Amino acid sequence: NWGELAKPWVTYLSRSSYMLQQGIFVADILYFYGEDSNITALYGAKSPDIPAGYNFDYVNADALMHKLSVSNGRITTPGGTSYRVLVLDPRTRQVSLQVLRKIQTLVHSGAIVAGAKPVSSPSLSDSQTGFKTIADQIWASPGVYSTVSDALSALKVTPDFEYSKPKPDTNVLFVHRAVSDGEVYWVDNRSNRTETIDATFRVQGKPAELWHADTGNREPSSYRIENGTTIVPLRLGAYESVFVVFRKVATQPSSNVPSP
């Protein structure tokens, strides 16, 4: 019976899916891709050039217009997700006047924006003179930068996740969820070989635990807290993933857990 054989795989997927639905997705960047195409057509083969160590969400024109506001310098959504920087794709050199006005409203409310200044509207009903005036005003405002790297540097936003690279092609991905009592990171080895890395998380004051979706086991991990981050040694098998969970209060700045 294939169903019985599939149980370990389905259980792994269920545990992983459950964990990845907890709390709120953490991303520093909200990426506006313009009004003239869809995500699949633009990024089906390759994601935008986002600096390593930062996660992002896409936003379309409708959500930008009707769902975004600013609170304490962060771009927020009704669902509670918030972002540090609104990044404009190069394709947004042409946007409608109503979108440009909403970007202006966000900037006036304290939002940080990064990207090249739009040059015109594709709509014949929009005033190009008015468009240029508003664009010039926005890009003369504080908190507007030409690149996302400049914006993150000015805000002193450090990477959410970094890792040592034993080999040039070592590739490890992550997803970060903020939960009520801590932080959950899903860490995924994309190589067809075992990788031994030091992973650095933008978390401090909490010890690290490893939660394994394939077995359901949980175990304490070695860690050390340094400069506002927590460094965790990880050994990941080929295409292996693990949840690194921070939920308790650390009683010491580091811990060394013997390998099994």
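Note that this is a predicted model, so its numbers are computed, not measured.
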* Below 4.0 angstrom, N of the basic side chain to O of the carboxylate: do Asp136 and Lys117 qualify? -> yes

* Can you name the closest pair of heavy atoms from Arg15 and Gly216 and give their distance? -> NH1-N, 3.4 Å

* Asked: Would you say Arg93 and Pro118 make side-chain contact, with heavy atoms under 4.5 Å?
  -> no

* Indicate if Phe161 and Leu155 have the same hydrophobic cluster label, given that clusters are the connected sets of ILVMFWY residues with side-chain heavy-atom separations under 4.5 angstrom. => no

* Side chain Glu183, main chain Val179, donor-acceptor under 3.5 Å -> no

* Enter the distance from Met65:CE to Leu68:CG here, rounded to the nearest 0.5 Å. => 10.5 Å

* Structure fact -> d(Asp62 CG, Glu35 CD) to nearest 0.5 Å is 10.5 Å

* **Donor-acceptor side-chain pairing of Ser121 and Gln94 below 3.5 angstrom** => no

* State, with a plain yes or no, whether a side-chain heavy atom of Ile112 is found less than 4.5 Å away from one of Val144. => no

* To do: Identify whether Phe174 and Met19 are in the same connected component of the hydrophobic contact network (ILVMFWY, side-chain heavy atoms under 4.5 Å).
  => no

* Asked: Ignoring hydrogens and geometry, is there a side-chain-to-backbone donor-acceptor pair from Thr105 to Arg101 under 3.5 Å?
  -> yes

* Between Tyr33 and Tyr43, how do the two ring planes meet: parallel, tilted or perpendicular, split at 30° and 60°? -> perpendicular

* **Close side-chain approach of Arg193 and Asp169, heavy atoms under 4.5 Å** => yes

* To do: Start with the C-alpha distance between Val157 and Arg202, add both sets of side-chain angles, then the distance that settles side chain to side chain contact (heavy atoms under 4.5 Å, CB included), and finish with yes or no.
  => CA-CA 10 Å; Val157 178; Arg202 197 174 61 198; 3.5 Å; yes

* Asked: Any chain of hydrophobic side-chain contacts (each under 4.5 Å) joining Trp139 to Phe32?
  -> yes

* Quick one: do the Arg74 and Ser82 side chains pair a donor with an acceptor below 3.5 Å? -> yes

* Transitively linked via ILVMFWY side-chain contacts under 4.5 Å: Tyr223 with Val172? -> yes

* Asked: Does the pair Val244 and Leu234 meet the rule for a side chain to side chain contact (heavy atoms under 4.5 Å, CB included), with working shown?
  -> CA-CA 10 Å; Val244 184; Leu234 295 175; 4.3 Å; yes

* At their closest point, which heavy atom of Thr229 faces which heavy atom of Gln204, and how far apart are they? -> N-CB, 4.5 Å

* Asked: How far apart are the closest heavy atoms of Glu195 and Pro166, and which atoms are they?
  -> OE1-CG, 3.9 Å

* Structure fact -> Rounding to 0.5 Å, atoms CD1 (Ile24) and OG (Ser180) come to a distance of 10.0 Å

* Just checking, any donor-acceptor pair under 3.5 angstrom between side chains of Asn217 and His212? -> no

* **Closest contact, heavy atoms only, Ser16 versus Ala213** => OG-CB, 3.3 Å

* To do: Examine distances only and state if a side-chain atom of Asn189 and a backbone atom of Ser191 form a donor-acceptor pair shorter than 3.5 Å.
  => yes

* Asked: Just by distance, with hydrogens left out, do Thr76 and Ser69 show a side-chain donor and acceptor under 3.5 Å apart?
  -> yes

* For the pair Thr81 (side chain) and Thr77 (backbone), establish whether a donor and an acceptor sit closer than 3.5 Å, ignoring hydrogens and angles. => no

* Asked: Is a salt bridge present between Lys165 and Asp198, judged by a nitrogen-to-oxygen distance below 4.0 Å?
  -> no

* Flag, side chain of Gln137 to backbone of Ile134, donor-acceptor distance under 3.5 Å -> no

* Asked: Just wondering, are more than 12 heavy atoms of other shown residues or ligands nearer than 6.0 Å to NZ in Lys67?
  -> no

* To do: Check Tyr12 against Ser241 and note the closest heavy-atom contact, atom names and distance.
  => OH-OG, 2.9 Å

* Between Phe201 and Phe246, is the gap from one ring center to the other below 6.0 Å? -> yes

* **Over 12 foreign heavy atoms within 6.0 Å of CG, Asn38** => yes

* Asked: Are Asp181 and Lys206 ion-paired here, with the side-chain N under 4.0 Å from a carboxylate O?
  -> no

* Asked: Hey, are the side chains of Asp126 and Phe131 touching, using non-hydrogen atoms and a 4.5 Å cut-off?
  -> no

* Begin from the C-alpha positions of Phe25 and His176 and carry the test side chain to side chain contact (heavy atoms under 4.5 Å, CB included) through to its verdict. => CA-CA 6 Å; Phe25 177 59; His176 178 189; 5.9 Å; no

* Separation between CG of Leu42 and CD1 of Ile39, rounded to the nearest 0.5 Å -> 8.0 Å

* Asked: Between the side chains of Tyr31 and Asp89, does any donor sit under 3.5 Å from an acceptor?
  -> yes

* To do: Report yes if the side chains of Ile29 and Asn55 come closer than 4.5 Å at any heavy-atom pair, otherwise no.
  => no

* Among the clusters formed by ILVMFWY side chains lying less than 4.5 Å apart, do Leu97 and Leu86 turn up in the same one? -> yes

* Asked: Side chains of Arg218 and Leu210: does their closest heavy-atom pair fall under 4.5 Å?
  -> no

* So, Thr147 and Ser149: side-chain donor and acceptor under 3.5 Å apart, yes or no? -> no

* To do: Inspect the surroundings of NZ in Lys102 and state if more than 12 heavy atoms from other residues, nucleotides or ligands are less than 6.0 Å away.
  => yes

* Asked: Does Lys167 offer a backbone N or O that forms a donor-acceptor pair with the side chain of Thr170 under 3.5 Å?
  -> yes

* Do Leu64 and Val99 have side chains that get closer than 4.5 Å, going by heavy atoms? -> yes

* Do Tyr54 and Phe56 have ring centroids that are under 6.0 Å from one another? -> no

* Is there a side-chain contact between Trp186 and Leu173 (heavy atoms, below 4.5 Å)? -> no

* **Spacing of Thr200 atom OG1 and Ile197 atom CD1 [to the nearest 0.5 Å]** => 9.0 Å

* Structure fact -> One should read off an interatomic distance between Thr133 OG1 and Ile138 CD1, to the nearest 0.5 angstrom, of 11.0 Å

* Quick one: do the Tyr239 and Asn192 side chains pair a donor with an acceptor below 3.5 Å? -> no

* Nearest heavy-atom neighbours spanning Val257 and Ser222 -> N-OG, 2.6 Å

* To do: Answer yes or no: does atom CZ of Arg235 have more than 12 heavy-atom neighbours from other residues, nucleotides or ligands under 6.0 Å?
  => no

* Could you tell me whether Asp28 and Arg84 make a salt bridge, using a distance below 4.0 angstrom between a side-chain N and a carboxylate O? => no

* Asked: Can Arg247 and Glu209 be counted as an ion pair, charged N to O under 4.0 angstrom?
  -> yes

* To do: Output, in order, the C-alpha distance, side-chain angles, deciding distance and verdict of side chain to side chain contact (heavy atoms under 4.5 Å, CB included) for Leu20 and Val175.
  => CA-CA 8 Å; Leu20 290 170; Val175 174; 4.0 Å; yes

